[in-house]
2 protein chains.
Amino acid sequence: MARVTAQDVAEAAGVSLATVDRVLNNRKGVKDSTIERVTEAMDRLNFVRDQAAANLARGRSYRFTFIVSAGETAFFSDIRSEIDAARALAAKDRIEVGMVAVPPLDPQAIVDAIEGRGETIGDGVALVAVESQVVRDAIKRLRAKGVHVVTFISDIPNSARERFVGIDNVAAGRVAASLLKRFVCAPAGDVAVVAGSGTLRDHVERRMGFEQVMRAECPHLTVLPWIEGEEMAGVVEEKLSKLLAENPEVVGLYSLGGGTRGVIDAIRAADQDLRVVTTELSEHTRAALIAGDIDAVLVQDPSHEVRSAIRVLKAFTDGTAVNEKQERIRIEIFMRDNLP
Amino acid sequence: MARVTAQDVAEAAGVSLATVDRVLNNRKGVKDSTIERVTEAMDRLNFVRDQAAANLARGRSYRFTFIVSAGETAFFSDIRSEIDAARALAAKDRIEVGMVAVPPLDPQAIVDAIEGRGETIGDGVALVAVESQVVRDAIKRLRAKGVHVVTFISDIPNSARERFVGIDNVAAGRVAASLLKRFVCAPAGDVAVVAGSGTLRDHVERRMGFEQVMRAECPHLTVLPWIEGEEMAGVVEEKLSKLLAENPEVVGLYSLGGGTRGVIDAIRAADQDLRVVTTELSEHTRAALIAGDIDAVLVQDPSHEVRSAIRVLKAFTDGTAVNEKQERIRIEIFMRDNLP
DNA sequence: CGTGTTTTGATTGACGTACATCAAAACATC
DNA sequence: GATGTTTTGATGTACGTCAATCAAAACACG
């Protein structure tokens with residue numbers, strides 16, 4: 001029951017270790033018939049190449065850089081500390097993880113961060129994208145240099161990025177609508193939407209998904225013009241309080257970006273009977289869920305996302321396949337009863 | 001920027017490689033002051049022991065065995081194929097994964113499977129527990145032999161198992177109730193519960209959680225006596241159809257175990273207006289979600305659970321810490337709009 | 001058959017750590 | 001200062017693969 005090594009395969013196939021190695025790393029200079037004999041022996045003996053030994057021999061190490069928003073929302077400070085946490089874990093596998101925090105919503109800052117790092121950016125980059133042509137171009141230049149690129153949290157389609165690591169934000173918006181539709185029992189009423197930023201694709205997509213479902217399935221509910229909160233609790237509270245005061249028929253609320261603390265403060269003050277779905281799991285949303293001020297919170301798991309981005313970049317660098325099941329990023333729905 | 005090796009640490013601390021090695025693996029025979037000098041050098045140089053090299057040198061390999069139900073529910077056949085899938089992945093890390101499928105709900109079968117394997121059971125066991133003293137005893141015997149044990153999917157508390165890998169089933173039941181409470185708009189009505197087996201702790205716990213919330217928060221809803229479906233679609237359909245016919249006031253339904261196909265057939269036939277929450281994501285529940293026959297499905301991700309169990313057993317075997325964030329098993333809530 | 005080319009074998013030295021051994025040095029004790 | 005003990009150094013082998021070398025063998029082609 002001992003492990004099968006390349007040496008065993010060589011003996012079984014009647015070739016030398018060198019030849020097995022050539023086949024294993026598909027180097028040229030091996031007859032097709034020999035390749036076949038060797039691969040046959042491999043799966044007959046159930047040979048699995050030992051990752052540890054292979055990595056060691058290759059002496060390969062990896063260097064990935066995260067480019068994330070320096071924004072002060074609960075979500076992004078979570079993301080940043082998760083990257084720090086992942087760094088220690090990744091180091092064990094010879095993966096160095098760098099991080100650059102850039103001013104939020106500033107495409108040029110992202111580009112500068114990339115260019116500024118030069119070659120030290122490493123083998124792969126995970127970046128929180130902002131919709132902009134300069135970012136698209138920067139991604140293309142990275143790819144041209146052989147650097148692997150994934151977008152992270154917020155996508156930028158029609159770019160050269162190889163993958164998006166994050167949730168399906170349209171689906172998140174749809175789920176929010178689907179929940180509110182079922183939560184709201186009033187025969188008719190208004191629904192308020194508190195948005196974050198119009199330049200963040202993830203926010204735009206959530207809004208899209210939300211409106212899709214509202215329009216298609218909730219003729220009895222009227223979606224009010226959205227509130228732009230700019231992710232700042234103070235701004236959100238002020239605008240939302242005003243809106244609630246002016247619209248007594250509001251029966252539902254979806255907050256799809258940052259500044260959730262402002263949402264909570266406003267609805268507590270307003271004391272209307274409305275169903276609320278928000279994003280971000282912070283101490284404030286936790287408390288509000290428990291108190292019953294909020295009905296559900298839709299979140300993504302930053303810790304999973306960071307680990308996933310690293311694994312995906314490593315797979316790209318190694319040229320191996322991505323384990324799709326493991327890398328699926330879920331939209332998590334928290335209610336009072338399944339808070340972690 | 002080259003990697004820091006144990007040799008570098010030795011030079012920095014002014015000792016030999018052998019001494020660093022002694023410190024690294026806390027072997028005896030090193031003066032305290034020297035230990036201090038070495039560890040100081042380690043974190044000054046930011047030394048991280050190379051897992052690949054360490055594993056290779058140790059020549060250690062792992063052997064874990066899953067003991068799972070041979071039941072024909074969609075969920076368990078999923079679990080079994082995920083174990084097969086994980087086997088290939090684990091092999092790369094010198095982990096051999098075995099599986100024994102035992103007749104469902106039979107404690108003695110579990111014990112026999114354990115005893116029957118003898119020493120070949122390996123370094124760790126993940127088992128789908130059934131409430132029973134003989135199982136508890138078997139776990140204790142395994143632990144006494146130094147075999148690590150985690151329960152999987154279904155827990156057995158007050159046993160010697162070192163950890164439970166699975167969702168918080170009480171919470172799942174609570175979430176189901178919390179959703180139904182919000183979904184149901186009728187001022188009053190009945191709620192039906194379709195249970196699986198009374199001997200499976202996970203089913204019992206879900207039911208507990210469900211009733212907790214119903215009793216505490218939904219005085220307007222009456223929970224009807226539960227239906228025991230024995231996880232068989234035919235049985236479920238028959239009993240549920242009968243119940244629906246006899247109780248026209250049913251406005252909500254929670255199906256917490258297998259045989260969901262029977263639930264779907266019954267509610268389609270009954271054509272009542274009721275909100276439905278079930279478990280298991282199969283082709284049937286998918287279709288029913290899309291058709292609107294079901295409102296939400298609460299599931300656990302078998303693929304994640306299998307990988308988690310393997311990682312946890314490995315951590316126990318190595319005596320290293322478990323990464324709690326990574327090993328948290330989520331209760332996933334699927335609606336029509338976030339189906340994967 | 002000789003020539004050139006392709007394929008294979010044999011061998012060697014990494015990679016970074018684990019682990020064991022023996023000798024040398026440092027230290028403690030009387 | 002002789003003795004015994006603890007601590008350290010020096011060294012070597014092993015793990016399984018990668019990568020490179022050079023020589024030998026097999027093959028193709030005219």
Side-chain angles (χ1 to χ4, degrees), chain A residues 1-39 41-42 45-62 90-96 317-320, chain B residues 1-39 41-42 45-62 90-96 317-320:
Chain A
M1 200 59 99
R3 263 190 72 82
V4 179
T5 74
Q7 181 65 59
D8 300 330
V9 175
E11 283 164 22
V15 298
S16 76
L17 181 56
T19 302
V20 172
D21 184 65
R22 288 181 183 111
V23 174
L24 212 45
N25 299 290
N26 28 252
R27 282 191 267 270
K28 58 180 180 181
V30 185
K31 239 194 306 188
D32 284 355
S33 62
T34 312
I35 295 183
E36 209 164 319
R37 259 200 357 256
V38 171
T39 50
M42 278 182 185
L45 297 189
N46 224 321
F47 169 77
V48 187
R49 164 210 237 119
D50 184 325
Q51 281 281 280
N55 287 342
L56 182 57
R58 281 208 187 86
R60 184 146 188 31
S61 63
Y62 308 81
K92 292 190 210 296
D93 297 319
R94 313 172 134 250
I95 301 175
E96 240 185 300
T317 309
D318 287 341
T320 57
Chain B
M1 199 60 100
R3 263 190 73 83
V4 179
T5 73
Q7 180 65 58
D8 301 330
V9 175
E11 283 163 23
V15 299
S16 75
L17 181 57
T19 303
V20 172
D21 183 67
R22 288 180 183 113
V23 174
L24 211 46
N25 299 290
N26 26 251
R27 281 190 267 270
K28 59 183 179 179
V30 185
K31 239 195 304 189
D32 284 354
S33 62
T34 312
I35 294 184
E36 209 165 319
R37 256 195 7 254
V38 172
T39 49
M42 279 183 185
L45 298 190
N46 223 322
F47 170 78
V48 187
R49 170 210 235 114
D50 185 326
Q51 280 284 278
N55 287 341
L56 183 57
R58 283 209 181 86
R60 182 143 187 37
S61 64
Y62 308 81
K92 293 191 209 299
D93 299 318
R94 313 171 135 252
I95 302 174
E96 240 184 300
T317 309
D318 287 342
T320 58

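Since the model is a prediction, treat every value here as computed from it, not as a measurement. Residue numbers begin at 1 in each chain, while the letters A, B, ... track the order of the sequences.
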Next item on the list: For B/Lys28 and C/dA20, give me the distance from atom NZ to atom P, rounded to whole Å.
Entry: 12 Å

Checklist line | N/O donor-acceptor pair under 3.5 Å between B/Arg22 side chain and B/Gly29 backbone | finding: no

Checklist line | Phosphate-side-chain proximity, B/Thr19 and D/dG9, N/O vs OP1/OP2 below 4.0 Å | finding: yes

Check: The side chain of B/Arg22 lies closest to which of these nucleotides: D/dG9, C/dT7, D/dC18?
Finding: D/dG9

Check: Between the main-chain N or O of A/Val30 and the side-chain N or O of A/Thr34, is there a donor-acceptor pair closer than 3.5 Å?
Finding: no

Check: Please give, in whole Å, the distance from D/dA19 P to A/Asn26 CG?
Finding: 11 Å

Checklist line | Donor-acceptor side-chain pairing of A/Asp318 and A/Tyr62 below 3.5 angstrom | finding: yes

Notebook entry, point to check: The side chain of B/Asp50 lies closest to which of these nucleotides: D/dT17, C/dG16, C/dT8?
Noted result: C/dG16

Notebook entry, point to check: Roughly, in whole Å, what's the span from CG in A/Leu24 to P in D/dT17?
Noted result: 7 Å

Next item on the list: Measure from CD on A/Gln7 to C1' on D/dC18 and round the result to the nearest Å.
Entry: 14 Å

Check: Counting any heavy atom closer than 4.0 Å, what does B/Asn55 reach on the DNA or RNA strands: base, sugar-phosphate only, or nothing?
Finding: nothing

Next item on the list: Using a cut-off of strictly less than 4.0 Å, decide whether B/Arg27 has a side-chain nitrogen or oxygen near OP1 or OP2 of C/dC19.
Entry: yes

Check: Could you give the CD-to-P distance, from B/Gln51 to D/dC15, as a whole number of Å?
Finding: 20 Å

Item checked: 5'-most by nearest nucleotide on DNA chain D - B/Gly59 or B/Gly14 -> B/Gly14

Notebook entry, point to check: Quick one: does A/Asp21's side chain have a donor or acceptor within less than 3.5 Å of a partner on A/Leu17's backbone?
Noted result: no

Next item on the list: When you get a sec, tell me which of D/dC15, C/dG9, D/dT7 is the closest nucleotide to the side chain of B/Leu56?
Entry: D/dC15

Next item on the list: Please test A/Lys92 against B/Asp50 for salt bridge (Lys or Arg N to Asp or Glu O under 4.0 Å), starting from the C-alpha separation and ending with a verdict.
Entry: CA-CA 5 Å; A/Lys92 292 190 210 296; B/Asp50 185 326; over 6 Å; no

Checklist line | Check: A/Asp8 side chain, A/Thr5 main-chain N or O, donor-acceptor pair, under 3.5 Å | finding: yes

Next item on the list: For the side chain of B/Arg94, starting at C-beta, report the closest nucleotide among D/dC15, D/dT8, C/dA18.
Entry: D/dC15

Notebook entry, point to check: Of the nucleotides C/dT8, C/dG16, D/dT17, which has the atom closest to the B/Ala57 side chain?
Noted result: C/dG16

Item checked: Phosphate OP1/OP2 of D/dT17: any A/Arg49 side-chain N/O under 4.0 Å -> no

Note to self: Need one value for A/Leu17: base, sugar-phosphate or nothing, where a base atom within 4.0 Å counts as base even if backbone is also close, heavy atoms only.
What the structure shows: nothing

Margin query: The side chain of B/Ala18 is closest to which nucleotide in this list: C/dA18, D/dG9, C/dT8?
Written below: D/dG9

Check: Roughly how many Å is it from NZ in B/Lys92 to P in D/dT17, rounded to a whole number?
Finding: 12 Å

Next item on the list: Return the value, rounded to whole Å, for the distance between atom CD of B/Glu11 and atom P of D/dG9.
Entry: 12 Å

Next item on the list: May I ask you to verify if any side-chain N or O of A/Ser16 is less than 4.0 angstrom from the OP1 or OP2 atom of C/dT8?
Entry: no

Next item on the list: Let me know the distance between CG of B/Asp21 and P of D/dT11, rounded to the nearest Å.
Entry: 16 Å

